[in-house]
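Just below is one structure, and these are the notes that go with it.
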Amino acid sequence: MDKSDIILSINGINKSFPGVKALSDASMEVRKGTVHGVVGENGAGKSTLMKILSGIHTKDSGTIVFDGETIEHTTPIQSIRRGLSIIYQEFNLVNTLTVGENIFLGRFKEMKGLRNSHKEARKLLDSIGSTIDTHSLVSDLSAAEKQMVEITKALSFDSKLIIMDEPSSSLTADELKRLFVIIDDLRKKGVTMIYISHKLDEIFQLCDIVTVMRDGFIVDTKLINDLTRNDMIAMMIGREIENEWPERPRCAGETLMEVQNIRTRKLKDISFELKKGEILGFVGLVGAGRTEIVRAIYGADRAKDLKIMINDKLLKIRKPADGKRSGIGLLPEDRKLEGLVLSFSVKDNITMSSLNNIAKFGFVNTSLENDIADRQIKALSIKTPTPHTKTKTLSGGNQQKCIMGRWLELNPDILILDEPTRGIDVGTKYEIYLLMKEIVENGGSIIIISSELPEVLAMSNRVLTICEGRITGEFNPEETSAHDIMDAAIGGGD
């Protein structure tokens, strides 16, 4: 390969945090004008490497050469001004400012005033085919529109290399198609991109080259056409798996829960049954009402006329504490906002729902608390230096396991999983699928919501389709095509 074609060269990068070797002798090269995929399990070192490139972390050793310049020490703003930008999964935007103000934040003097900033922002947005009003507040934008603003902000620095970290995690299928068009247009204009994703379909569809990471090491870098999906998975997790999903559990029995007449502004007379030992899948577009249904059942949202019967007993569930006492657990859609206290330790996050069981006269039995944390860390193979490590330092998959461990300790009759594998690698996904299988085989029941249709169809015994706040169909996923199920989910079955 001609070295003049290389925009980024990384050689022998090492990085350690207290108790963790995050990167070990990591080396890779990125060719100009390509979309270079980076894949690996949570904790493989992907984000650490990108944060070193962008100046958030400092490398312990090794060399970085970007666009012909050796980079020893850098800061985020220096990296951006060199032409290297990163778009994080959690957007780095100021919600109370307008689109134009966000794009040129801190550079109004350089841009000769706010009016000219909006004018130049309009040109940049037009260049990627976006019609977003530069005077709109960022707080009023959708996830896809915020993504466009982040890309435009990167382009405003004349970026030569843009790193995208899980860019599709909050996008609908149509929004994702638009993002792919924009990425392809940027590639044609000579902009290089590093694309990090757990969704292997996206990697194969979009990328020219892919680097696979595992446990802080770079396993290999290959042309995408030289890899199969199974090859990539084997390199990521260090072992072969015959299927991405375990065998579907078949232990559904009699009716466990009856839900009648959920009515809210969004939901229209939702009624259904859940059987003991069943995995019940909800399929629908983003905004269809899937999450609102399970939040009402758990008591997180109020609903008119709602009746819930579990084992033929009518229950009053008006708040989450009622749901928990009734044997219902909820793993929420946004684990960082609603599921975890990120500044708390792993131990505290796992045990917080069990405190009533291990406290006496207002004092917590710390020995029992430690036992619970140790038991779940071991059972779920949570990768953490110690139980006292702050949860915010863990990878997304290990954070999700903390919430799973919290509920598994309580052994609820019904576990609701809302987007349980979002932003999680294929190896950890498989572990969660095995946990789901184990839960229902031991007599529990599960409701799963997922934007990944293959996941719901592979794991569910029965599927309900939700469209515009209504249930539009009930299907056996083994006897119905994915096309027919999605047709009902978008209202075509009405």
Run the side chain to side chain contact (heavy atoms under 4.5 Å, CB included) test on Glu273 and Val259 for me, step by step, so that the C-alpha distance in whole Å, both residues' side-chain angles and the decisive distance to 0.1 Å come before the verdict. CA-CA 6 Å; Glu273 295 181 353; Val259 176; over 6 Å; no
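- Looking only at distances, a side-chain donor or acceptor of Arg248 sits under 3.5 Å from a matching main-chain atom of Ser460.
- We find the CG-CZ distance between Leu330 and Arg295 to be 7.5 Å, quoted to the nearest 0.5 Å.
- The closest side-chain heavy-atom distance from Met193 to Ile183 is below 4.5 Å.
- Val283 approaches Arg290 most closely through the heavy-atom pair C-CD, 4.1 Å.
- Taking CG of Asp418 as the reference point, atom CD of Glu338 lies at 8.5 Å (rounded to 0.5 Å).
- The side-chain heavy atoms of Leu200 and Met236, taken from C-beta on, include a pair separated by under 4.5 Å.
- The pair Lys275-Glu254 fails the salt-bridge criterion, with no side-chain N (NZ, NE, NH1 or NH2) lying under 4.0 Å from an Asp/Glu carboxylate O.
- In summary, Arg122 and Asp126 engage in a salt bridge, as defined by a charged side-chain N under 4.0 Å from a carboxylate O.
- Side-chain atoms of Glu150 come within 3.5 Å of backbone atoms of Asn92 as a donor-acceptor pair (strictly under, hydrogens ignored).
- At distances below 3.5 Å, not a single donor-acceptor pair connects side-chain atoms of Glu202 with backbone N or O atoms of Lys199.
- Contact check for Leu434 versus Glu431: no side-chain heavy atoms found under the 4.5 Å cut-off.
- Shown here for Pro246 and Lys437, the closest heavy-atom pair between the two residues is CB-CD, 4.1 Å.
- The backbone N or O of Leu227 sits nowhere less than 3.5 Å from a side-chain atom of Asp231 that would complete a donor-acceptor pair.
- Enclosure of atom CZ in Arg250 by more than 12 non-hydrogen atoms of other residues, nucleotides or ligands within 6.0 angstrom is indicated.
- Looking only at side-chain heavy atoms (C-beta outward), Lys390 and Val346 stay at 4.5 Å or farther from each other.
- Here the CG-CD1 distance, from Leu306 to Ile308, works out to 4.0 Å after rounding to the nearest 0.5 Å.
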Report the C-alpha separation of Tyr298 and Ile317 in whole Å, then their side-chain angles, then the decisive distance to 0.1 Å, and conclude whether the side chain to side chain contact (heavy atoms under 4.5 Å, CB included) test is met. CA-CA 7 Å; Tyr298 185 62; Ile317 300 178; 5.9 Å; no
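- Taking each heavy atom of Ala288 and Lys266 in turn, the nearest pair found is C-CE, 4.5 Å.
- Under a cut-off of 6.0 angstrom, the local environment of CZ in Arg229 is crowded, with over 12 non-hydrogen atoms contributed by other residues, nucleotides or ligands.
- Asp269 has its side chain out of reach of Ile262: every pair of non-hydrogen atoms, C-beta onward, lies at least 4.5 Å apart.
- Between the side chain of Lys46 and the backbone N or O of Gly40 there is at least one donor-acceptor pair closer than 3.5 Å.
- Scanning both residues, Ile80 and Ser85, for their nearest heavy atoms gives CG2-OG, 4.2 Å.
- A donor-acceptor distance shorter than 3.5 angstrom exists from the side chain of Thr391 to the backbone of Ser345, with no hydrogens or angles considered.
- Remark: the Ser354 side chain and the Asn357 side chain contain no N/O donor-acceptor pair separated by less than 3.5 Å.
- The closest side-chain heavy-atom distance from Leu380 to Asn398 is not below 4.5 Å.
- Rounding to the nearest 0.5 Å places CG of Leu176 at 9.5 Å from CD of Gln147.
- Judged purely by distance below 3.5 Å, without hydrogens or angles, the side chains of His36 and Thr211 pair a donor atom with an acceptor atom.
- Counted within 6.0 Å of CG on Asn442, heavy atoms from surrounding residues, nucleotides or ligands total more than 12; the atom is thus considered enclosed.
- Using a 4.5 Å heavy-atom threshold, the side chains of Thr264 and Arg302 count as separate.
- Counting only distance, with no hydrogens or angles, the side chain of Trp407 and the backbone of Leu415 share no donor-acceptor pair below 3.5 Å.
- For the residue pair Ser271 and Gln260, no side-chain donor N or O sits within less than 3.5 Å of a side-chain acceptor on the partner.
- For the pair Asn102 (side chain) and Thr98 (backbone), a donor-acceptor distance under 3.5 Å is present.
- Side-chain contact between Asn476 and Glu478: present, with at least one pair of heavy atoms (C-beta onward) separated by less than 4.5 Å.
- Looking at every heavy atom in both residues, Val94 comes nearest to Val138 through O-CB, 3.8 Å.
- When the shell of 6.0 Å around CD of Glu247 is examined, it contains 12 or fewer heavy atoms from other residues, nucleotides or ligands.
- Here the shortest heavy-atom pairing between Leu155 and Ser127 reads CD1-OG, 4.5 Å.
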Pairs under 3.5 angstrom only: tabulate donor-acceptor contacts from the side chains of residues 446-455 to other protein residues two or more places apart or in another chain.
| residue | atom | partner | partner atom | Å |
| --- | --- | --- | --- | --- |
| Ser450 | OG | Glu452 | N | 3.0 |
| Ser450 | OG | Glu455 | OE1 | 2.6 |
| Ser451 | OG | Glu419 | OE2 | 2.5 |
| Glu452 | OE1 | Lys429 | NZ | 3.2 |
| Glu452 | OE2 | Lys429 | NZ | 3.2 |
| Glu455 | OE1 | Thr421 | OG1 | 3.3 |
| Glu455 | OE2 | Thr421 | OG1 | 2.5 |
| Glu455 | OE2 | Tyr433 | OH | 2.4 |

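- Between Lys316 and Asp322 there is no salt bridge, since no side-chain N of the basic residue sits under 4.0 Å from a carboxylate O of the acidic one.
- Proximity of a side-chain donor or acceptor of Gln399 to a complementary backbone N or O of Arg335 within less than 3.5 Å is not detected.
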Could you walk me through whether Phe344 and Lys392 pass side chain to side chain contact (heavy atoms under 4.5 Å, CB included), step by step? CA-CA 8 Å; Phe344 282 17; Lys392 65 182 179 183; over 6 Å; no
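- Using cut-offs of 30° and 60° on the angle between ring planes, the pair His135 and His118 is parallel.
- More than 12 heavy atoms of other residues, nucleotides or ligands shown are found within 6.0 angstrom of CZ on Arg375.
- For the atom pair CD1 (Ile151) and CD1 (Ile103), the distance works out to 11.0 Å, reported to the nearest 0.5 Å.
- In terms of modelled atom types and a separation under 3.5 Å, the side chain of Asn349 and the main chain of Val341 share a donor-acceptor contact.
- Here the OG atom belonging to Ser47 is positioned 5.5 Å from the CD1 atom belonging to Ile196, to the nearest 0.5 angstrom.
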Could you give me the CA-CA distance, side-chain angles and deciding distance for Ile182 and Arg178, then say whether side chain to side chain contact (heavy atoms under 4.5 Å, CB included) is met? CA-CA 6 Å; Ile182 290 169; Arg178 178 64 195 144; 3.8 Å; yes
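- Residue Glu468 places its CD atom among 12 or fewer non-hydrogen atoms of other residues, nucleotides or ligands, all under 6.0 Å distant.
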